[in-house]
Protein chains: 2
Amino acid sequence: MQLDKMVAFHKAVGDPTRLRIIALLRQGPLHGQAIAGKLGLRPPTITHHLKKLKDTGMIYSRRDKNTIYFYLDEKKLTFMAEAVTRIGDEKVKTDKEWQVTEKEERQILQNFITVDGKLKQMPSQLKKRVIILAYYVKAFQPGKTYEEKEVNEYIQTFFEDYATVRREWIMHHFMYRENNRYELNPQEMWPVVV
Amino acid sequence: MQLDKMVAFHKAVGDPTRLRIIALLRQGPLHGQAIAGKLGLRPPTITHHLKKLKDTGMIYSRRDKNTIYFYLDEKKLTFMAEAVTRIGDEKVKTDKEWQVTEKEERQILQNFITVDGKLKQMPSQLKKRVIILAYYVKAFQPGKTYEEKEVNEYIQTFFEDYATVRREWIMHHFMYRENNRYELNPQEMWPVVV
DNA sequence: TATCTAATTAGTTATATATCTAATTAGATA
DNA sequence: TATCTAATTAGATATATAACTAATTAGATA
């Protein structure tokens with residue numbers, strides 16, 4: 001996550017009214033007037049705050065007739081909130097070391113994957129590892145959740161040490177776990193290689 | 001964590017200069033002039049920013065001769081950064097439901113703990129559970145780290161299901177885990193009952 | 001005590017922003 | 001099309017704040 005996005009996120013969250021909006025939406029979606037009512041503020045004020053929150057991507061909206069409902073995306077919120085605890089680690093990814101061409105990527109996949117699709121070994125170099133992880137994780141369906149057993153079984157179709165692969169998917173934010181079920185993260189949370 | 005502390009935290013972090021300071025201090029402590037030098041800013045500007053960061057508690061300082069070194073407290077940073085993802089949950093704790101007198105606490109401990117110190121069962125009511133968890137966690141030494149095995153063994157001196165207790169200690173921020181070792185959190189991160 | 005170094009405080013300026021009222025827009029429905 | 005509702009935009013005001021220079025303070029040491 002780059003610096004100015006992080007600044008925007010924390011500026012957005014660093015306001016009592018907006019924190020109260022987040023707290024409300026954690027309970028479920030609401031429309032603007034309802035938020036204004038609950039907070040004792042005028043609708044334009046709510047529009048103003050929702051815009052800032054929407055700009056970060058943590059809130060989206062759906063229209064139903066004349067009413068627009070606002071939803072909190074808790075996964076994104078969590079991801080962005082935790083980003084500051086990893087600040088500086090990302091620097092690597094903006095280095096030219098991390099620029100990967102299509103050709104290079106093909107080459108890396110070819111080097112580490114057998115013709116019948118099995119992973120020969122987990123690359124020790126971070127960049128290569130991320131490319132491998134991204135390649136295999138695409139088998140999961142966005143929005144669908146999986147049991148740990150399913151995840152393990154899938155990994156074992158291409159690599160013996162399923163625990164490592166599963167752990168790395170979580171660590172690099174390809175997937176996340178909630179209530180012992182696994183789900184793909186939106187691509188924008190993935191490392192920026194592929 | 002209460003609202004205004006959260007606002008102050010995110011306001012503090014929501015500034016590019018201060019994020020860069022956090023990134024620097026994650027590598028290790030630095031003194032003011034060094035930070036000013038690395039960021040291309042004047043010392044008073046650094047004082048200004050460090051004050052805001054110190055006010056949140058995420059930074060502390062130690063003097064060595066004429067030079068003051070600034071340190072980042074990563075545990076606190078993590079705790080505060082993640083607080084927004086739990087916003088609203090805390091409300092319970094300010095309800096009168098959550099006011100616990102000394103007498104009540106003694107009563108609860110007596111109800112759930114046998115005369116020889118064993119936990120009869122884990123209370124299902126959150127308030128009571130937190131009191132029990134706080135009681136037993138005090139056996140750990142602040143600042144010391146423990147292996148998972150040690151933690152399990154200690155729990156088994158008073159309760160069979162060690163996994164549950166360990167998990168709840170983490171969940172309620174009595175302890176945290178890093179590199180598979182366990183450590184007590186500062187009391188201010190504990191639930192506010194006891 | 002005088003002097004040195006690093007940090008802080010005071011005061012200034014330019015910019016950003018939270019909130020309001022009034023006016024306007026976007027869609028739905030009679 | 002006329003009208004209704006919810007949301008947004010425009011414009012105003014008050015407050016907050018990031019950066020600077022100049023002056024001061026806090027501790028160390030000659």
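Bear in mind that the values here come from a model prediction, so they are computed numbers and not experimental data. Chain letters run A, B, ... following the sequence lines, proteins first, then strands; residues in each count from 1.
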I need the NE2-P distance between B:His48 and C:dA10, as an integer number of Å.
15 Å
For nucleotides 21-30 of chain D, 5' to 3', base contacts (B), sugar-phosphate-only contacts (S) and non-contacts (-) with protein non-hydrogen atoms under 4.0 Å give BB----BSS-
Nucleotide pairing, DNA chain D (Watson-Crick or G-U, distances under 3.5 Å), in dot-bracket with [ ] and |
||||||||||||||||||||||||||||||
Integer-rounded Å distance: D:dA19 C1' and B:Leu50 CG
15 Å
d(CG, A:Asp15; P, C:dA16) in whole Å
17 Å
With no hydrogens and no angle check, just 3.5 Å: does a side-chain donor-acceptor pair link A:Thr114 and A:Lys120?
no
Check the distance between D:dA18's C1' and B:Arg20's CZ and give it to me in whole angstrom.
14 Å
Are the side chains of B:Gln121 and B:Phe112 in touch, meaning some heavy atoms are under 4.5 Å apart?
yes
Atom-to-atom span, CD of A:Gln33 to P of D:dA6 - whole angstrom
5 Å
Ring-ring centroid check A:Tyr60 A:Tyr71, cutoff 6.0 Å:
yes
Set of residues satisfying salt bridge (Lys or Arg N to Asp or Glu O under 4.0 Å) with respect to A:Glu148, sequence neighbours excluded
A:Arg166, A:Arg177
Would you call B:Lys11 and B:Arg18 a side-chain contact if the rule is heavy atoms closer than 4.5 Å?
no
Categorize A:Ile46 for me: base, sugar-phosphate, or nothing, with a 4.0 angstrom heavy-atom threshold over every strand shown.
nothing
